[in-house]
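Since the structure comes first, as structure tokens, the remarks are kept for the end.
Numbers restart at 1 for each chain; the letters A, B, ... are given by sequence-line order, proteins then strands.
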Amino acid sequence: MANEFLNNINEFNLKEKYLSTNPEDSENPVFIKSEEYVNKDAAVQEKSSHEKSAIAVSTTNLSVWFNDKPGIENVNINIKKDSVTAIIGPSGCGKSTFLRALNFMHDLTPNAVVTGEINILGKDITEYNSIDIRKKVGMVFQKPNPFPTMSIYDNVISGLKLNWGHKKGLYDEIVETSLVQSGLWNEVKDRLKISAYSLSGGQQQRLCIARTLAVKPEIILMDEPTSALDPISTAGIEASIHDLKKIYTFIIVTHNMQQAARVSDFTAYFYLGKLIEHSKTSTVFTKPKEKLTEEYITGKFG
Amino acid sequence: MEAYEILANPKNLKRRKIINIVMLTLSVVSGLVAIIPLIYILFYTTAAGISSLNLDFFTQLPKPVGEPGGGIANAIVGSVEIVGLGSAFGIPIGLMSGIYVSEFSKSFFANIVKFVTDVLSGIPSIIIGIFAYGVIVLQTKHFSALAGGFALGILMIPTVTRITEEMLKLVPISLREASLALGISRWKTTLKIVLRTASGGIITGMLLAIARAAGETAPLLFTSFGNSFWSESIDSPTASLPVQIFNYAISPYAEWHQKAWAGAFVLIALVFIISLIVRLITKNKFSQSV
């Protein structure tokens, strides 16, 4: 399964090269657009290789309050670009609360108050409006939530269609690219027009990832993306994350410590609304600095 | 261990089986009782009405008593006109207030809207007729289809509002979050995701409101009044099926009673056809999967 997926990615890369170097194609308006689109990828990639150590998300004294009770308190964290950061901790410790603060999802919760500073991609979060920030910071949820009234195809392009109104010629390209990236293309390429609800849970979740990728965010938040899935689907999604972290920054909330160890470069441990430890994954799992972290990862509680 | 013994005890098993049979029988009987009146109405109206149906009934104006033939063409057209006016007035207001109450109801005002629509849905239709009489007929000094449509529209608002609200609340929050997280604006999320997902139920609610309005007699008695001829415009007295049926039915003539049955059959058939057409037009490819 993973091999098949990697082949997909390679095919996709070849296609990208072909598209961006073949001059003949540029006469076709559809391909000019494709090229721009692909070049955006390339630009992101290039930029990221220059600023390999740059910071994607940085917070200063970030607190979120629900009805005057703190969900998270004074979180200070710097999350590196083009890396995978896992957020672990027992239930109710503020992992999801932290994640949802990064793309204004707390707007939806009445009585939620966010204080402190958040810096996203070098700009203070207050400089973005909620639509711009969500285009830059995509999100995948715990339960797969494709739009039930739409086909697989329409689900993937929903973010573009309802936002920017791209020309139709570009859609096919984006659908294929996104589905290849999320590892679903081979399973659905012959039936893109069927209802998204006829897919299995794991396929639906990969469709949701494709839908998020289609908007071309730079940071992708994942809130326990595989907790409702079987091991094979989980492996597929982890493989996608592993391949995509070259061009995207991932922040993953997970209850599964093996998963954190498998996919992440950095791990942050939250406990009772506070950030206890944030460091390289290998360090956190082998030589944690804090006693609380050690107790959690060794299974003493949680 | 104890629970296992109770299960295995043949006396308990027998008692449970008996209760099961009794309850199942009661449920089936209740189900039958619920559908018998509907089936009876349908069959009786069809049997009594269909014999006096002919082409003239749909194309001719009513004839005076004693003259054979004649139809209720003006009442059919009038009913469609008045219900159309009512829908054009009541459905948009009901739909939008339902969206407001469900999607943006953090305010005190939304609770007031909810409470008032609940009260409004309990007001007898004749009172709404009198209200429309006071607001429109007394001001314009004549009966009109417009006044009838206004009364039916007010009658439809609470039904459409409540059903829209209920249906939108059934759409899981996760879909709204998914849409917003893609950078889709709030209003497009509401329109293209939430409303579309709930569209099946909302359309059913609208049809219910239209069907109820089409059968209302009381609010039309002193608004659109009735007319034995074609009405000149929507600003003049207009015949409608329920009022025409009512007038025929309370008359002392047997041939007019016969026409009342035929009119009743046409009214039921009309509502049925409208539902069918709307369903076919708005059928969503994936609506079964919702």
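- No other option in B:Leu191, B:Ile173, B:Leu180 has as many heavy-atom pairs under 4.5 Å with chain A as B:Leu180.
- Nearest approach of A:Pro148 to B:Thr197, heavy atoms of both residues: CG-CG2, 3.6 Å.
- Surrounding CZ of B:Phe109 are at most 12 heavy atoms belonging to other residues, nucleotides or ligands under 6.0 Å away.
- Of the inter-residue distances, the one linking A:Ser158 atom OG with B:Lys192 atom NZ reads 12.0 Å to the nearest 0.5 angstrom.
- Within a 6.0 Å sphere centred on CG of A:Asp124, other residues, nucleotides and ligands contribute more than 12 heavy atoms.
- To the nearest 0.5 Å, atoms OG (B:Ser179) and CG (A:Leu162) are separated by 6.5 Å.
- For B:Ile193, the part sitting under 4.5 Å from any heavy atom of chain A is the side chain, from C-beta outward, and nothing else.
- With respect to B:Glu177 and A:Arg100, a salt bridge is recorded, a charged nitrogen being found less than 4.0 Å from a carboxylate O.
- Closest approach of A:Asn103 to B:Ala181, counting heavy atoms only: ND2-CB, 4.4 Å.
- In this structure the side chain of A:Arg211 reaches within 4.5 angstrom of the side chain of B:Leu182, judged on heavy atoms.
- Residue A:Lys143 places its NZ atom among 12 or fewer non-hydrogen atoms of other residues, nucleotides or ligands, all under 6.0 Å distant.
- No more than 12 heavy-atom neighbours from other residues, nucleotides or ligands sit within 6.0 angstrom of CZ on B:Phe272.
- For the pair A:Thr149 and B:Ser199, the minimum side-chain heavy-atom distance is 4.5 Å or more.
- With a 4.5 angstrom heavy-atom cutoff, A:Asp107 touches chain B only via backbone atoms.
- Looking only at distances, no side-chain donor or acceptor of A:Lys135 sits under 3.5 Å from a matching main-chain atom of B:Gly183.
- For the pair B:Leu175/A:Phe147, a side-chain contact is recorded, criterion being any heavy-atom separation below 4.5 Å from C-beta on.
- Minimum interatomic distance between B:Ala178 and A:Asn145 (heavy atoms only, all atoms of both residues): CB-ND2, 3.3 Å.
- At least one side-chain heavy atom of B:Arg196 sits less than 4.5 Å from a side-chain heavy atom of A:Met150.
- There is no contact between B:Thr189 and chain A, counting heavy-atom distances below 4.5 Å.
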